Each structure stands twice: as C-alpha cells, then as structure tokens.
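Here the structure is a predicted model, which is why all the values come from computation and not from measurement.
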Amino acid sequence: YWPSLAGGILIGLASALLLLLNGRIAGISGILGGLADASGNDIGWRVVFLAGLMAAPLLYALAVALPVVSIAASPLVLVAGGVLVGFGTRLGGGCTSGHGVCGIARLSRRSITATGLFIAAGAATVFIARHVVGG
C-alpha cells in the first residue's frame, strides 16, 4: 500500500499547490481543454502540468518494474469508451480529478454530487457488464 499512499499524497500536494500558487483547480479535463483557448500567460503551467502527468510513469518505471498490462477489449471498444468519457466529462462539468479530488476537498456540493454519480455509474456499468451482458 505504500505506492498508493505516496501517490495519494503527491496528488493532494500537487492539487493544493496548484490552487494556492496559481488559483486553479487541478481538473485534468479543464487543464487540457483550456489549452485550446488559453492566453500566453495561461499556456505554460498547463503544458508543464500535462508534461508532468506523462513523465511521472516513465520516471517511476526507472525505479520500479511496471506491472504487465493486459487489455482484453477491442480497439473499437476502447475508442467508444474514450468518446463516452469525454462526453460525460463535458456533460458533468468536469472529470473525477476536478470533482473528486479538488471539489470534495473544497466541500463543493456540486462536486460531491458529481463524484457520487460517477461512482454509481461505474458500479452500474460493472454490474451490467458482468452480470447482465456477461463478460
């Protein structure tokens, strides 16, 4: 459980620092989506934040062997899932990182509700996929 604890601490620390030092919420969909219409002063921190997200697993792999990942879904299912997640993110006004980590920490009713709905939708999806459709 140590890697999970360390990861949680780093996520919390990064979220708190971004809010305290930059006045921004660490919601990945908002950070990525904001690149399209960001002004000159607003682009740098977004690029650095996203680069850090991509570099972190590579740096971690230098210290620890990464687990073997096996994906049983077809590429079409993966693309469809990505599109649905993107649509849901726009519909819900943010993603799990923005609502679940930052919003709940700020005691936002909207984020608490959204996170509860994310969890309920995920549970319903697993139930349907495993017990109704069979997978």
Side-chain angles (χ1 to χ4, degrees):
Y1 66 92
W2 291 110
S4 300
L5 178 63
I9 290 170
L10 288 172
I11 289 170
L13 183 62
S15 299
L17 287 173
L18 186 62
L19 183 60
L20 290 172
L21 300 176
N22 214 6
R24 300 293 188 158
I25 302 295
I28 306 308
S29 62
I31 293 171
L32 182 61
L35 274 176
D37 59 346
S39 66
N41 294 339
D42 207 33
I43 292 174
W45 73 268
R46 291 175 190 271
V47 170
V48 169
F49 193 95
L50 294 169
L53 286 178
M54 291 183 278
L58 301 174
L59 293 173
Y60 185 76
L62 295 175
V64 179
L66 295 178
V68 176
V69 177
S70 174
I71 300 173
S74 71
L76 180 62
V77 169
L78 293 175
V79 169
V83 169
L84 288 172
V85 166
F87 178 74
T89 298
R90 280 306 218 187
L91 185 65
C95 58
T96 52
S97 58
H99 284 302
V101 175
C102 302
I104 289 177
R106 294 181 300 115
L107 300 177
S108 164
R109 286 184 186 161
R110 179 175 163 241
S111 291
I112 292 168
T113 301
T115 303
L117 290 171
F118 295 156
I119 292 169
T125 301
V126 169
F127 178 81
I128 291 168
R130 291 201 176 162
H131 301 291
V132 176
V133 177

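Between the CD1 atom in I104 and the OG1 atom in T115 there is a gap of 3.5 Å [rounded to 0.5 Å]. Here M54 contributes atom CE and L59 contributes atom CG; the two are 12.5 Å apart, rounded to the nearest 0.5 Å. Rounded to the nearest 0.5 angstrom, R106 CZ and S15 OG are separated by 11.0 Å. Annotation: the span from L117 atom CG to I112 atom CD1 amounts to 12.0 Å, rounded to 0.5 Å. Here L17 contributes atom CG and N22 contributes atom CG; the two are 10.5 Å apart, rounded to the nearest 0.5 Å.
Under a 3.5 Å cut-off, the side chain of S97 and the backbone N or O of I28 do form a donor-acceptor pair. The backbone N or O of F118 lies less than 3.5 Å from no partner atom in the side chain of H99, so there is not a single donor-acceptor pair.
Under a hydrophobic-cluster definition in which Ile, Leu, Val, Met, Phe, Trp and Tyr are linked whenever side-chain heavy atoms come within less than 4.5 Å, directly or via other members, L21 and L13 are assigned to the same cluster. Cluster membership for I9 and W2, using ILVMFWY side-chain heavy atoms within less than 4.5 angstrom, is shared. In this structure, L20 is not a member of the same hydrophobic cluster as L18, with clusters built from ILVMFWY side-chain heavy atoms closer than 4.5 Å. Hydrophobic clustering of Ile, Leu, Val, Met, Phe, Trp and Tyr side chains at less than 4.5 Å, counting indirect connections, keeps L32 apart from V85. Under a hydrophobic clustering in which Ile, Leu, Val, Met, Phe, Trp and Tyr are joined whenever their side-chain heavy atoms come within less than 4.5 Å, directly or via other members, L53 and L10 fall into different clusters.
At least one side-chain heavy atom of L35 sits less than 4.5 Å from a side-chain heavy atom of I43.
The environment of CZ in R109 is sparse: at most 12 heavy-atom neighbours from other residues, nucleotides or ligands sit within 6.0 Å.
When all heavy atoms are compared, the tightest approach of A105 to V101 is CB-O, 3.3 Å. Residues L50 and I31 share a closest heavy-atom pair of CG-CG2, 4.0 Å.
W45 and F49 have perpendicular rings, their planes meeting at more than 60° on a 0 to 90° scale where under 30° would count as parallel.
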